[in-house]
Amino acid sequence: MAFATTQDMNEVASKWEAVIGLEVHVQLNTRTKLFSRTRNGDVSAAPNQSASLVDLAYPGTLPVLNQTALTHAVKFGAAIDGSIAKVCLFDRKHYFYPDLPKGYQISQYSHPIVSSGVFNLWNENGQAKAVRIRRVHLEEDAGKSIHDRLPNETVLDFNRAGTPLLEIVTEPDLRTPSEAATCLRQLHALVIWLGLCSGNLNEGAIRCDANVSLRHRGSNRYGTVCELKNLNSFKFLKRALRYEIERQVAVLSGGASVQRETRSYDPASGSTISLRPKEQQEEYRYFPDPDLPPIPISDEFTSQIKTSMPELPETVRDRFVKVYGLATDQAYRLTLEKPLAELFEATAKLCKDPQLAANWILGEVIAIRKRTQPQTPKITITATQLAQLIERVKDGTLSLNTGKELVGRLWATDLDLDEIVKTHDITQISDRDQISEWSAKVVDENQELIPKLLDGEEKLYEYFIGQVMRLSRGKANPHLVRQALERLVLADEKHCSNENDD
Ligand code: ADP
Ligand code: MG
């Protein structure tokens with residue numbers, strides 16, 4: 001079900017407005033699980049080997065709250081300027097599912113740990129949009145039902161049971177699929193920045209449910225909402241929302257009404273499929289968990305966390321624009337990850353050229369990371385190495401290409417750039433006499449092309465430069481080569497016109 005033309009799309013867009021709210025589940029990277037001492041997030045464990053009696057809900061076991069998970073939640077609350085509860089309370093949320101050992105999930109219902117915060121989305125043009133955060137609460141994850149392991153059977157793996165999750169619920173303040181994807185991307189960036197989550201999407205470290213409804217443009221009433229479950233990538237979130245908006249437009253345009261239901265996205269077909277009518281809250285029979293006593297959250301505790309917070313990405317972004325003069329989109333990309341932002345700032349200070357530092361990091365450094373270690377986002381070049389490299393390219397000791405190559409050689413080593421340059425004989429040649437000599441040779445050998453060059457066939461210069469570079473085994477300074485060639489060609493022209501005068 002796609003719109004036939006962009007015109008159709010535009011017509012729809014002028015008539016309908018999408019309203020979107022996200023529920024984002026963040027796996028916290030604590031050492032142990034939310035209510036037991038089992039190691040958390042042990043991806044190397046065999047199925048069911050990382051689940052203790054508490055996680056499996058054996059009779060007589062009792063939950064004990066993980067302090068770090070509580071601290072993480074308060075940290076996030078501070079980052080979105082939310083109001084932090086004075087007491088940490090847990091409720092039981094009842095539902096039956098084979099991978100839910102207790103028959104209920106320990107969650108927070110009536111008293112989420114954080115309420116009413118604001119998350120500022122940053123657009124590439126530097127403008128911010130405030131997305132209100134309705135609530136943020138702690139809850140435990142369930143195990144996994146695996147349907148494709150054995151034919152006609154479902155197997156259960158409880159290793160994930162009891163993993164601490166932070167659920168972030170936005171108000172329905174988002175209006176387009178891209179805006180929703182941007183919101184998820186930036187929440188993802190923020191929880192990694194704060195050190196709360198590995199951010200590894202392949203391991204399901206962040207999962208998102210998207211709620212979407214339509215309304216007539218200009219109306220201020222909300223329409224009936226559908227919930228799209230378990231979208232585990234930015235791309236799928238965007239695609240699922242696009243499809244769902246088109247589906248709802250078709251339903252409403254046909255005079256029917258949207259059913260309030262839970263749907264799932266099928267990446268293979270690119271469509272959303274109805275799973276079940278949406279549960280009402282009463283069906284969960286929430287009540288306070290009597291096994292977990294209320295835990296007071298003192299003002300001291302909260303203010304201690306607030307004072308130990310790292311500088312937030314939005315503050316850093318502003319500084320990169322104001323102090324270092326970066327373009328807003330560069331500042332944005334550099335502050336998606338703390339290590340990138342730190343590398344930028346340290347490099348900019350050392351080489352005293354923020355623009356070049358940004359260009360090198362967003363270009364070469366990111367490219368090499370992608371090539372060498374697609375799974376781990378580690379950056380293994382230091383600011384000192386990078387700043388040295390930038391300086392050597394700037395002062396002409398190294399050619400741009402050699403510089404780029406060297407990023408690869410410095411990667412994951414503690415080698416000193418100048419050492420490498422010395423031992424590998426890769427200094428760029430800027431000796432003008434030597435360069436003139438090579439250039440003259442190339443001009444001599446290609447006399448038949450000179451008239452074309454004089455006719456303004458600029459592209460031919462690249463060929464000439466290439467020939468000189470070959471003679472110099474890639475070491476000539478291309479800038480000086482171009483100058484030398486231009487000089488020689490000009491001299492040729494004068495020579496020719498003198499001949500004509502005779
Ligand atoms: P429930 O309690 O049934 O899960 P909530 O009202 O708590 O529903 O909202 C859950 C999520 O759905 C929130 O992210 C909220 O922003 C979003 N939401 C609520 N109403 C709408 C609506 N009409 N259209 C789009 N999203 C909505
Ligand atoms: Mg909900």
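Note that the numbering runs from 1 along the sequence shown for the chain. Just so you know, ligand 1 is whichever comes first in the structure, and atom 1 is the first atom listed for that ligand.
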Between His94 and Phe287, does the ring centre distance come in under 6.0 Å?
yes
So, does Arg134 sit close enough to ligand 1 that a heavy atom of it is under 4.0 Å from the ligand?
yes
Atoms in ligand 1 flagged as close to Tyr222, the criterion being non-hydrogen separation under 4.0 Å
23 (N)
Does only the side chain of Leu22 get under 4.0 Å from ligand 1, or the backbone, or both, or neither? Count heavy atoms.
backbone
Would you sort out whether Gln355 and Leu326 count as a side-chain contact (heavy atoms from CB on, under 4.5 Å), showing the intermediate values?
CA-CA 7 Å; Gln355 193 52 63; Leu326 293 190; 3.8 Å; yes
Looking at Ser213, which atoms of ligand 1 are within less than 4.0 Å of one of its heavy atoms?
22 (C), 23 (N), 24 (N), 25 (C)
Location of contacts on Val169 toward ligand 1, heavy atoms closer than 4.0 Å:
side chain
Ser213 and Thr224: CA distance, side-chain angles, deciding distance, side chain to side chain donor-acceptor pair (under 3.5 Å) verdict
CA-CA 6 Å; Ser213 64; Thr224 305; over 6 Å; no
Which bit of Val225 is near ligand 1, meaning a heavy atom under 4.0 Å away: side chain, backbone, both or neither?
side chain
Do Asp141 and His25 have side-chain atoms, one donor and one acceptor, less than 3.5 Å apart?
no
For residues 60-68, dump all side-chain donor-acceptor pairs below 3.5 Å to protein atoms at least two apart in sequence or in another chain.
residue: Thr61; atom: OG1; partner: Tyr58; partner atom: O; Å: 2.7
residue: Asn66; atom: OD1; partner: Thr68; partner atom: N; Å: 2.8
residue: Asn66; atom: OD1; partner: Ala69; partner atom: N; Å: 3.4
residue: Asn66; atom: ND2; partner: Thr32; partner atom: O; Å: 3.0
residue: Asn66; atom: ND2; partner: Thr32; partner atom: OG1; Å: 3.2
residue: Asn66; atom: ND2; partner: Lys33; partner atom: O; Å: 3.2

Quick check for you: to the nearest 0.5 Å, what is the distance between Leu241 atom CG and Ile245 atom CD1?
5.5 Å
What atoms of ligand 1 come within less than 4.0 Å of a heavy atom belonging to Glu171?
16 (O)
Positive for side-chain contact (heavy atoms from CB on, under 4.5 Å) with Cys88, one of Val74, Leu292, Ile297:
Ile297
For ligand 1, which atoms, with element, lie under 4.0 Å from some heavy atom of Gly223?
23 (N)
For Val19, take its heavy atoms, then give the atoms of ligand 1 lying under 4.0 Å from any of them.
24 (N), 25 (C)
Heavy atom of Arg260 under 4.0 Å from ligand 1?
yes
